[in-house]
There are 2 protein chains.
Amino acid sequence: MAPELSSSDNATDQLNNRIFFRLFQLGNELQRQSVQQLGITTVQWAVLGALSREKYASGIPLSQLGEYLVVTRQNLDGVLKRLERDGLVRRVADDGDKRSRIVRLTPRGRTFWKEIRARISLFYDQASAHFSFDARVSLVHSLNVLQSDLAKVELSKVGLPKRHGK
Amino acid sequence: MAPELSSSDNATDQLNNRIFFRLFQLGNELQRQSVQQLGITTVQWAVLGALSREKYASGIPLSQLGEYLVVTRQNLDGVLKRLERDGLVRRVADDGDKRSRIVRLTPRGRTFWKEIRARISLFYDQASAHFSFDARVSLVHSLNVLQSDLAKVELSKVGLPKRHGK
DNA sequence: TATTGTTATACTCTATAACTATA
DNA sequence: TATAGTTATAGAGTATAACAATA
């Protein structure tokens, strides 16, 4: 008998269903809680967190930052505009490549990050209260693998049902 | 010596950092891949998936659906409007409580879901290709716990730094 | 020609407040 | 009074195309 095209058995499919439904909910919940408890969106959080790394103390090119965060350069531009409006980041010219612009924290941005950092730690503690150290290690690993697999998904275009009614 | 307010040690804090950064990326990536590979957003996916459950074959009150998906009724209204525009769902009156309205799939919505369901299974398979059955079970459990913990996070308002520059 | 950044547009989603009609 | 749904509005994020400057 030929193997089915739709690979997985039912039990696995249902498990997958739960995994991705939870991921959906977690994404929402994280977004909401970030805004409510920290006053910043998750993208802004990610941008500030990236720029605060010692590695990027002198800044990072916009396109590189976009790759790191998995955000397109057009959309990252919008995010940066709002952060610039609030005085937290700025863009400066690159000495080498004249097309490139370097994104970095302003002094105010650095202060803001320092102040919010303790709050973020408390956020982490509460949000993962029931995890042992080993469970955290294991979860990080799982999420890494999942992120990598998810990014590679590519289905053939054939068989995509029309979504719009007439 | 009194315990520190900012609970966790550095190693745990860094682990937490990675966990939530991955969650952020996964949320983004899932959103993007959902639109690209399936042609629907994650909220729409969740709504259609919920309504397609046998349990809700006869529909579900809007507020109940909102709770299930963790989306406010105002925002769910917008999501439903777009799905109604495309002919996939409709809202009908509730015989009992006259304030309530029941959301359900249209025949077209049911067909659409049936057609896309196989695609979603393939999506799942690729997106979690490197997970054993046991790893899936364990991941579901971790995500459940995390979702529950995350939803409960509540930090005191004091010490929230001002975000806006002058 | 390809890349970097930018501008522009349309759409979707989210947060919040206010309103209505029931209960 | 409280709840279910709706309307309205502002803000944010995303997808896509097109353009200028530089490599």
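Everything quoted here is computed from the prediction, not taken from an experiment. All chains are named by letter (A, B, ...) in the order of the sequence lines, taking the proteins before the strands, and each is independently numbered beginning at 1.
- Proximity of R32(A) to the phosphate of dT14(C): no side-chain N or O atom is located under 4.0 Å from OP1 or OP2.
- Judged purely by atom type and a 3.5 angstrom limit, Q37(A) uses its side chain to pair as donor or acceptor with the backbone of L155(B).
- Look at CG on L65(B): it is 12 Å from P on dT6(D), rounded to the nearest Å.
- When the C1' atom of dG5(C) is taken as reference, atom CZ of R90(A) falls 19 Å away, rounded to whole Å.
- Sorted by first and then second residue, the ring-ring contact (aromatic ring centres under 6.0 Å, His included) pairs involving residues 53-83 of chain B (not counting sequence neighbours) are F21(A)-Y68(B).
- The shortest distance between the side-chain N/O atoms of S100(A) and the OP1/OP2 oxygens of dG5(C) is below 4.0 Å.
- Taking all atoms of both residues into account, the shortest heavy-atom contact from E115(A) to P161(B) is OE1-CB, 2.9 Å.
- When each of L62(A) and Q31(A) is assigned the nucleotide of DNA chain C with its nearest heavy atom, L62(A) is the one assigned upstream, toward the 5' end.
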Heavy-atom contacts, protein to nucleotides 17-23 of chain D, under 4.0 Å, summarised as B (base), S (sugar-phosphate only) or - (none) per nt, yield BB--BBS
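- Straight-line distance from the CZ atom of R85(A) to the C1' atom of dA10(D): 12 Å, rounded to whole Å.
- A donor-acceptor pair is defined here as one N or O able to donate and one able to accept, closer than 3.5 Å; such a pair exists between the side chain of R119(B) and the backbone of S156(A).
- When the salt bridge (Lys or Arg N to Asp or Glu O under 4.0 Å) test is applied to E84(A), the partners found at least two apart in sequence or on another chain are R91(A).
- We find that CD of Q36(B) is positioned 15 Å from C1' of dC11(C), with the value rounded to whole Å.
- Side-chain atoms of R32(B) come within 3.5 Å of backbone atoms of V70(A) as a donor-acceptor pair (strictly under, hydrogens ignored).
- Going from atom CG of L38(B) over to atom C1' of dT12(C) covers 17 Å, rounded to whole Å.
- Here the side chain of D97(A) pairs a donor or acceptor atom with the backbone of R99(A) at under 3.5 angstrom.
- From one end of the helix from dT1(C)-dA23(D) to dA23(C)-dT1(D) to the other, with five pairs defining each end axis, the axis direction shifts by 0° (rounded to 10°).
- Under a 3.5 Å cut-off, the side chain of Q64(A) and the backbone N or O of P61(A) do not form any donor-acceptor pair.
- Non-hydrogen atoms lying under 4.0 Å from DNA chain C are contributed by D77(A), K81(A), all within residues 75-83 of chain A.
- One finds no side-chain N or O of T72(B) lying less than 4.0 angstrom from the OP1 or OP2 phosphate oxygen of dT16(C).
- Straight-line distance from the CD1 atom of I102(B) to the P atom of dT22(C): 16 Å, rounded to whole Å.
- Two residues are said to be in side-chain contact when any heavy atoms from C-beta on lie closer than 4.5 Å; R117(A) and W113(A) meet this criterion.
- Looking at the side chain of V43(B), the nearest of the listed nucleotides dA4(D), dC13(C), dG13(D) is dC13(C).
- The CD atom of E67(A) sits 11 Å away from the P atom of dT3(C) (whole-angstrom rounding).
- Cluster partners of V92(B) are I102(B), counting Ile, Leu, Val, Met, Phe, Trp and Tyr whose side-chain heavy atoms approach within less than 4.5 Å, directly or via other members.
- Checked by atom type and distance alone, the side chain of E29(A) never pairs as donor or acceptor with a backbone atom of L150(B) at under 3.5 Å.
- Put simply, the side chain of D149(B) gets close to the backbone of H130(A): a donor and an acceptor are under 3.5 Å apart.
- The phosphate of dT4(C) (OP1 or OP2) has no side-chain N or O of R91(A) nearer than 4.0 angstrom.
- Note: CD1 (I40(A)) to C1' (dG11(D)) measures 16 Å, nearest angstrom.
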